[in-house]
Amino acid sequence: MTSHDRWILRTENTTYAVALATEGPWAELTAWGPHGAETGPSPLDWSGRTHFITPADAAPAEYIPYGLRPFTGADLVAQRPGEERGVWWTFSPEQTETTDDTLRLVFDDEVLGLRVALCYEAVPGSDVILRWSELTCTGEDELRLERFDSAAVNVPVTAGARLTFLTGQWAQEFQRTELELTRGRFEMASTQAVPGHAYAPWLAVQDAAHPADGKTPTYGVALEWSGNWHITTDAEPGGAVRIRAGRLPHEGAVRLAAGATLTTPRLACAFSPEGIDGLARVWHRYERHLTGDRMNRTRKVLYNSWEATGFDVEAGSQLELAGIAAGLGAELFVVDDGWFPGRHDDTGGLGDWYPDPAAFPQGFDHFIGEIRSLGMDFGIWVEPEAISPKSALHSEHPEWVYRVEGRPATLVRNQLLLDLGREDVQDFVITTLDRLLTDHAISYLKWDMNRPPTERGRPGGGPVEKQDLDAAHVAGYLRVLDHLRAHHPNVTVEGCAGGGARIEHATIARTDVVWPSDNTAPLDRLAIQFGYLLAHAPHTMSSWVTDAPGVFDPRPRSLGFRFVNAMAGVLGIGADIRTWSPEQRTEAARWIARYKEIRDVIHHGEIHLLNTPADATCGIQYEEPGGGRIAVTAWNTGRLDGAPLVPGRAARLRLRGIDPAARYRDAASGTEYRGAHLLHSGVPFPWTDRYDAELTVLTRL
Ligand code: GLA
């Protein structure tokens with residue numbers, strides 16, 4: 001597996017090979033691709049001739065510090081406070097460790113007193129390699145780290161990069177976007193204490209000369225960090241494409257005390273020879289691995305009353321909704337924002353996490369009992385990091401809020417943010433959630449977060465340059481989520497941040513589902529979900545059927561379209577079902593029953609994205625492990641004027657990756673197909689003005 005200066009990590013289908021450079025003390029990527037890619041001369045080999053830059057600047061260097069790589073982008077910038085910036089390290093072969101699945105390359109700068117371990121781990125059963133760095137202050141003086149990325153990733157492309165990324169804003173998250181980067185820098189980042197709505201901490205890279213779809217080798221990275229981050233891609237003038245990714249500390253730099261070790265967040269690096277769609281499957285498998293045993297837990301059909309009643313939460317209307325929801329087949333009833341005192345609008349209440357006696361006159365437990373007697377589980381919404389200025393909590397603990405002494409506090413959504421990095425705040429949140437979850441029969445928690453920290457300071461918290469508020473907040477958030485997992489293992493947790501602003505691997509690993517966007521309008525949601533599914537697995541994707549009109553795309557769509565859309569992930573209902581006609585309710589019950597039959601296929605299956613929402617017909621193919629069943633969710637995003645016009649032909653979606661010789665039956669229509677037909681001609685969808693979505697289930701004969 002290793003020679004003295006070359007190390008090879010293998011995942012199920014890929015190889016990642018690293019060698020020590022001959023020109024200096026750094027490691028270089030020599031291969032990343034399918035097994036066997038490491039044989040032959042490295043495609044990243046360069047001439048060795050440099051003018052005006054150093055060899056390290058031109059080399060496909062793995063993690064390398066400023067000092068050694070002064071001009072083209074370094075991953076680590078360190079100094080003793082007040083002294084020159086730069087690290088000049090040497091390789092420490094005796095500290096370097098390797099196993100079949102791991103590698104730890106160690107470099108030391110004895111003058112500065114810094115040891116850096118470049119850590120690699122191949123994730124079993126996946127095509128993901130995790131990379132991170134461990135920085136230890138080995139001297140007697142503390143160090144100042146101005147940049148301490150997790151990893152630098154060289155991408156073996158030759159004609160510049162096509163970057164695919166997921167961008168947007170509130171209500172428009174996860175928009176798939178492409179950019180050709182042949183020279184220059186492209187940076188995505190967030191300083192909002194959460195990954196943010198603007199960019200997902202996720203990037204896919206292909207050779208710009210190859211087609212985006214089809215069997216194009218595709219590389220991806222995703223950062224496991226719930227706070228401030230950046231992913232920066234450089235297409236260097238010499239042709240190299242190199243990604244740096246890591247944290248952005250709120251204070252601009254962090255201090256590393258003598259003897260202390262800072263471990264960076266992990267950067268997951270993925271490869272697929274099958275394009276963006278294949279890369280999505282790699283990420284899905286990895287997220288199933290992160291979910292672990294909780295993959296075996298059936299994700300229940302939820303009803304959430306937020307879009308029906310808003311802040312007007314009171315037992316009577318909630319029970320009316322619950323009765324109808326149970327009749328439709330919902331298995332879980334969640335009361336969203338508004339169940340606690342002072343929460344009649346968004347100006348009050350946050351922090352005082354007690355059921356509002358006025359809303360539940362017979363008591364909260366009586367109310368929960370009524371919901372449960374309908375055969376449903378019960379859940380609530382919380383926003384534990386948030387605080388309303390007029391809450392009781394704020395008058396008791398104004399010091400718990402992020403603030404800068406002498407500066408006015410900005411209100412965002414009329415609220416402030418607690419400094420969850422403080423241990424007393426974490427303890428308050430844990431005690432509060434423990435109380436709610438033990439005093440009441442609550443088995444579902446939607447954890448929301450609706451504002452970024454402004455005036456982010458901690459008066460009395462010691463010298464600012466020694467603080468690391470962003471990392472402390474993330475640690476507090478993860479501590480509470482870990483506590484919930486350990487002490488309330490039967491409670492299902494939904495992650496939310498004003499829609500999809502906090503979705504990354506640390507959150508995915510500690511929640512059961514996440515809420516990708518507040519936009520539930522049918523065509524808008526479809527585009528959001530197609531983007532979301534490039535990075536994240538269907539079993540994590542909470543999705544509701546609502547009455548919402550289009551926000552960005554106002555074209556009307558049927559109830560069936562909304563159901564097929566929501567069942568492409570974890571189905572929920574958020575509509576005001578009191579207003580639904582008997583026919584609509586019958587149709588809804590039918591969809592829910594069908595979903596229950598195939599949700600295992602949706603949540604555990606391998607997916608292929610068939611076209612995109614920009615095409616008139618698009619769909620998602622889910623193949624059950626073992627191939628026994630295939631579910632296809634299909635949508636007509638095109639005209640609803642009866643097209644295809646009579647006499648027209650049905651739209652078709654060609655399936656992918658199935659056995660051409662296999663035989664399948666569509667039980668609903670009784671039609672039998674050969675795999676070859678499904679691959680070559682596809683499943684027919686004879687859309688009409690009213691028939692604009694379908695769920696087709698094919699059983700292998
Ligand atoms: C955020 C969430 C919504 C809803 C509201 C409640 O916007 O994303 O789903 O919970 O808060 O205030």
Side-chain angles (χ1 to χ4, degrees), residues 12-13 125 127 213-215 272-282 284-285 288 295-296 298 529-530 533 537-539 560-561 563-569 571 590-612 615-637 644 647-688 691-701:
E12 199 128 290
N13 303 295
D127 285 313
D213 295 317
K215 304 240 174 231
S272 169
E274 299 187 326
I276 296 284
D277 185 57
L279 191 71
R281 288 190 288 281
V282 174
H284 296 179
R285 195 180 290 190
R288 291 197 287 268
M295 271 314 296
N296 303 325
T298 300
Q529 294 188 170
F530 262 71
L533 289 171
H539 76 272
F561 189 106
F563 265 101
V564 177
N565 216 359
M567 69 174 65
L571 173 68
R590 189 177 62 82
W591 281 118
I592 291 170
R594 290 198 70 198
Y595 166 74
K596 287 177 179 170
E597 283 167 17
I598 52 95
R599 65 179 148 191
D600 279 355
V601 182
I602 305 265
H603 299 157
H604 296 260
E606 290 275 292
I607 80 167
H608 288 269
L609 298 171
L610 310 173
N611 297 340
T612 76
D615 299 302
T617 292
C618 65
I620 306 173
Q621 167 190 333
Y622 304 78
E623 187 175 5
E624 190 169 53
R629 280 184 301 171
I630 295 172
V632 182
T633 50
W635 300 273
N636 173 13
T637 67
R649 288 183 291 185
R652 290 260 181 172
L653 280 177
R654 291 209 292 266
L655 302 194
R656 293 220 294 272
I658 60 171
D659 176 4
R663 289 166 50 233
Y664 296 91
R665 175 184 285 127
D666 173 353
S669 66
T671 315
E672 280 191 27
Y673 296 98
R674 283 275 176 182
H677 179 93
L678 296 168
L679 290 162
H680 180 73
S681 302
V683 184
F685 297 100
W687 304 131
T688 68
Y691 171 58
D692 57 9
E694 185 58 282
L695 166 72
T696 300
V697 181
L698 302 166
T699 307
R700 194 172 171 151
L701 299 172

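For the single chain, residues carry numbers from 1 onward in sequence order.
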Requested in this report: Specify whether Trp687 and Tyr691 have parallel, tilted or perpendicular ring planes, treating 30° as the upper limit for parallel and 60° as the lower limit for perpendicular.
Outcome: tilted
Query raised in the report: How about Leu698 and Leu655: do any of their side-chain heavy atoms sit closer than 4.5 Å?
Result: yes
Query raised in the report: Which residue pairs satisfy the side chain to side chain donor-acceptor pair (under 3.5 Å) criterion with at least one member in residues 673-686, sequence neighbours excluded?
Result: Arg652-His677
Query raised in the report: So do the side chains of Phe561 and Asn636 get within less than 4.5 Å of each other, counting heavy atoms only?
Result: no
**Report entry** Nearest heavy-atom neighbours spanning Pro625 and Gly605
**Finding:** CD-CA, 4.3 Å
Report task. Check whether any side-chain N or O of Asp127 sits under 3.5 Å from a backbone N or O of Val282 as a donor-acceptor pair, and report yes or no. Result -> no
Query raised in the report: Hey, is the main chain of Arg656 close enough, under 3.5 Å, to the side chain of Gln621 for a donor-acceptor pair?
Result: yes
Report summary line: Looking only at heavy atoms, the pair that brings Arg594 and Val697 closest together is NH2-CG2, 4.1 Å
Requested in this report: Mind checking the CG-CG spacing from Asp277 to Asp213? Nearest 0.5 Å is all I need.
Outcome: 8.0 Å
Requested in this report: Answer yes or no: is there a donor N or O on one side and an acceptor on the other, between the side chain of Asp659 and the main chain of Ala661, under 3.5 Å?
Outcome: yes
Query raised in the report: In chain order, what residues pass the salt bridge (Lys or Arg N to Asp or Glu O under 4.0 Å) check against Glu274, with sequence neighbours excluded?
Result: Lys215, Arg281
**Report entry** Nearest non-hydrogen partners of Cys618 and Thr637, listed with the distance
**Finding:** SG-CG2, 4.0 Å
Report task. Kindly determine whether Phe563 and Leu695 satisfy side chain to side chain contact (heavy atoms under 4.5 Å, CB included), including the steps that lead there. Result -> CA-CA 9 Å; Phe563 265 101; Leu695 166 72; over 6 Å; no
**Report entry** Spacing of Arg599 atom CZ and Leu571 atom CG [to the nearest 0.5 Å]
**Finding:** 8.5 Å
Report task. Using the test side chain to side chain donor-acceptor pair (under 3.5 Å), find all partners of Thr671 that sit at least two apart in sequence or belong to another chain. Result -> Ser669
Query raised in the report: Taking only residues two or more places apart in sequence or in another chain, which ones pass side-chain contact (heavy atoms from CB on, under 4.5 Å) with Arg288?
Result: His284, Arg285, Met295, His539, Glu606
Report summary line: Looking only at heavy atoms, the pair that brings Ala568 and Pro538 closest together is O-CB, 3.8 Å
Requested in this report: Report, as yes or no, whether the 6.0 Å neighbourhood of atom CZ on Arg665 holds more than 12 heavy atoms from other residues, nucleotides or ligands.
Outcome: no
Report summary line: Rounded to the nearest 0.5 Å, the CG atom of Leu653 sits from the CZ atom of Phe685 at a distance of 5.0 Å
Requested in this report: Quick one: closest heavy-atom pair of Tyr622 and Ile607, and the distance?
Outcome: CD2-CG2, 3.4 Å
Report summary line: Rounding to 0.5 Å, atoms CD1 (Ile598) and CE (Met567) come to a distance of 6.0 Å
Can you list, pair by pair, the side-chain donor-acceptor contacts under 3.5 Å of residues 628-635, counting residues two or more places apart and other chains?
{"unit_1": "Arg629", "atom_1": "NE", "unit_2": "Glu624", "atom_2": "OE2", "d": "3.2"}
{"unit_1": "Arg629", "atom_1": "NH1", "unit_2": "Glu597", "atom_2": "O", "d": "3.0"}
{"unit_1": "Arg629", "atom_1": "NH2", "unit_2": "Glu624", "atom_2": "OE2", "d": "2.8"}
{"unit_1": "Thr633", "atom_1": "OG1", "unit_2": "Ile620", "atom_2": "O", "d": "3.4"}

Report summary line: Taken in chain and number order and not counting sequence neighbours, the residues that satisfy side chain to side chain donor-acceptor pair (under 3.5 Å) with Tyr595 are His603
